[in-house]
Amino acid sequence: QVQLVESGGGLVQAGGSLRLSCAAAGRTFSTYAMGWFRQVPGKEREFVAAISWSGVNTYYADSVKGRSTISRDNAKNTVYLQMNSLKPEDTAVYYCAAKSKSVALTTSSTYNYWGQGTQVTVSS
């Protein structure tokens, strides 16, 4: 069992930066692949970024590639999403998620555990 708590969201102007954090409770965090997804009302949850359990492999949606960096600190049971050059279209609730296998990392339905989400709002 893994419990996830996101933080770091907020209101930022276009062009600004935010770093989201996701703290995990559970002794097996280092064995889980982690992902970030986002969702706006009326739309499906969208893949943003993912990282393998070791941190060696990372994956990004085209919409954030080059502007975002996912990383993890297994000693702190935390995964991060650094987002730069933010755009109004990045506005969404951002969720972190965990899964036990480092496959199909872009597919939300394959994740086992989810956080409650943190709101990111980018003003123009």
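In this structure, OG1 on Thr91 lies 7.0 Å from CD on Gln119, to the nearest 0.5 angstrom. Cys96 contributes atom SG, which lies 10.5 Å from atom CZ of Arg72 (distance to the nearest 0.5 angstrom). Ser124 contributes atom OG, which lies 9.5 Å from atom CD of Gln13 (distance to the nearest 0.5 angstrom). Rounded to the nearest 0.5 angstrom, Asp90 CG and Ser63 OG are separated by 7.0 Å.
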Below 3.5 Å, can you tabulate the donor-acceptor pairs from side chains in residues 98-107 to any protein atom, sequence neighbours excluded?
unit_1	atom_1	unit_2	atom_2	d
Lys99	NZ	Val103	O	2.4
Lys99	NZ	Ala104	O	3.4
Lys99	NZ	Thr110	OG1	2.7

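With hydrogens and angles disregarded, a donor-acceptor distance shorter than 3.5 Å links the side chain of Ser52 to the backbone of Asn57. Judged purely by atom type and a 3.5 angstrom limit, Arg67 uses its side chain to pair as donor or acceptor with the backbone of Ser85. No side-chain donor-acceptor contact under 3.5 Å links Glu6 to the backbone of Cys22.
Other residues, nucleotides and ligands contribute only 12 or fewer heavy atoms inside 6.0 Å of the CD atom of Gln3.
Looking at every heavy atom in both residues, Ser108 comes nearest to Trp114 through O-CZ2, 3.4 Å.
Evaluation of the side-chain hydrogen bond (donor to acceptor under 3.5 Å, both in side chains) rule for Ser123 yields no partner, not counting sequence neighbours.
Between Asp62 and Lys65 there is a salt bridge, with a side-chain nitrogen of the basic residue lying less than 4.0 Å from a carboxylate oxygen of the acidic one.
Test Glu46, Arg45, Glu44 against Phe37 for side-chain contact (heavy atoms from CB on, under 4.5 Å) and you get one pass: Arg45.
Under the 4.5 Å side-chain heavy-atom criterion for ILVMFWY residues, a single connected hydrophobic cluster contains both Tyr59 and Tyr111.
Members clustered with Tyr113: Val2, Leu4, Val12, Leu18, Leu20, Phe29, Tyr32, Met34, Trp36, Val48, Ile51, Tyr60, Val64, Ile70, Val79, Leu81, Met83, Leu86, Tyr94, Val120, Val122, by chain and number, using a 4.5 Å side-chain heavy-atom cutoff among hydrophobic residues.
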